[in-house]
Undergrad: 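Sharing a structure below in structure tokens format, with a few things to ask.
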Amino acid sequence: MPLPSFSPGRRDFLAAGAAAAALPFLSGNADADSLASLGARKGIRFGSTIGTGHLADQAYLALNAAQCALIVPENEMKWGATRPDVRSFDFSRADAIVAWATAHRIGVRGHTLLWHSERWMPGWLATYDFGPQPRVEAARLLTEHVSTVARRYAPVVDSFDVVNEAVDPDTGLLRETAISRHLGAEETIDLAFRTARQAAPKAELVYNDYMGWRADEARHRDAVLRLLERLKARGTPIDALGVQSHLGSKYSDSPTGLGALDERAWRTFLDRVTGMGLRLLVTEMDVHDNPLPGDIARRDRMVANHTRAYLDLMLSYPALHTVMCWGLSDRYTWLNGSRPRPDGMAKRPCPFDADLSPKPMRDAIADAFRAASPRAA
Ligand code: XIL
């Protein structure tokens, strides 16, 4: 089916988005064997991330339109993109991505209303003068930001990462930011969720973080669990845990591949999360292949096997209803820039290669969807 032409300037995405939101599992362009279709058959939404730099690459956009029921802006809804300064908002980049998605009847996730890590917030915030009543000003700034962004995209976005990465994995403590220094870390998180609920009452509200199933991630898992328990106990309106799923990591130099796994501890963690009544999402899946051999066929096979084992475990939870990759193709993966392989070879963390051809990881996701039991509607 030919794709509708895309005009980055279109402003009618809210109306188009409202129509698309009524069809949450459909991508207008997906064939029966696309990842979107295979997922949809089981009630799973499959998608990936799109960034501003991708909007000029028609072949990459066509791949996304063919495979995805859902996309998430890679950086464009973050404070760093939407807040040039304390007074203004700039939605031009996020709007362009949302317009592309809605023109193709693809759903949109929102990421992220608060990145609770100073490193990833705009520079001006770190030196901002909160004035004589810093607590009041911190609450005002946070409330204004969350409600403005959530309200704007609520007609299109039915699931928001409200708070991202609040836990320091090394200490297990909540991170401190310019805002939380005045409000308190947990109060900041609670206020972000309450404000999001008011601004987007129908949207799923998600806490998103990168704890995982490796043996050396126990402290991170425990700290996230304790945070979720405290939020539930105080009545914070949170619906789901986003499990980023950047599988493997730069810290791993295990000769066996992606590091020692602790599947039992991971299941215990997921049991406790879902036991609280929270849903699960895989929000940012890719595979750091640094510790894997250079040989491409072997490496791709190991990445695919790891992906399949991980998704089989995750999809055994009926509470898991969304699987997102952090990039469909190795052409654009963020990991090449931030964490290159020691041998200098290009990384291969995504389901399609740099030429947009499917890799074994793509089949692993497809097979995991085929094997999954259907989610309740
Ligand atoms: C990354 C983007 O992919 C990069 O382009 C950017 O420089 C940094 O952020 N966890 C998250 C995502 O929640 O927002 C991050 O995205 C990847 C890790």
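From a predicted model like this one, the values you see are computed outputs, not experimental measurements. Both counts, for ligands and for their atoms, begin at 1 and track the order of listing.
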Undergrad: Looking only at protein heavy atoms, which one is nearest to atom 3 (O) of ligand 1, and how far off is it?
TA: Glu74 OE2, 2.4 Å
Undergrad: State whether a side-chain donor-acceptor pair under 3.5 Å links Ser245 with Tyr310.
TA: yes
Undergrad: Identify the closest protein heavy atom to atom 11 (C) of ligand 1: which residue and atom is it, and at what distance?
TA: Glu284 OE1, 3.0 Å
Undergrad: Consider side chain to side chain contact (heavy atoms under 4.5 Å, CB included). Of Val167, Thr188, Val162, which one does His116 pass it with?
TA: Thr188
Undergrad: Kindly identify the option in Thr283, Asp209, Thr49, Asn75 whose heavy atom sits closest to atom 6 (C) of ligand 1.
TA: Asn75
Undergrad: Does Lys359 use its side chain to pair, donor to acceptor, with the backbone of Arg348 at less than 3.5 Å?
TA: yes
Undergrad: Got an N/O contact under 3.5 Å between Asn164 and ligand 1?
TA: yes
Undergrad: For Leu328 versus Ser48, what's the shortest heavy-atom pair and its separation?
TA: N-OG, 3.2 Å
Undergrad: Within the structure, is a non-hydrogen atom of Tyr210 found at a distance of less than 4.0 Å from ligand 1?
TA: no
Undergrad: For atom 1 (C) of ligand 1, find the nearest protein heavy atom and state the residue, atom name and distance (0.1 Å precision).
TA: Lys78 NZ, 3.7 Å
Undergrad: Looking only at protein heavy atoms, which one is nearest to atom 8 (C) of ligand 1, and what is the separation?
TA: Trp120 CZ3, 3.5 Å
Undergrad: Counting only heavy atoms closer than 4.0 Å, does ligand 1 sit against the backbone of Thr112, its side chain, both, or neither?
TA: neither
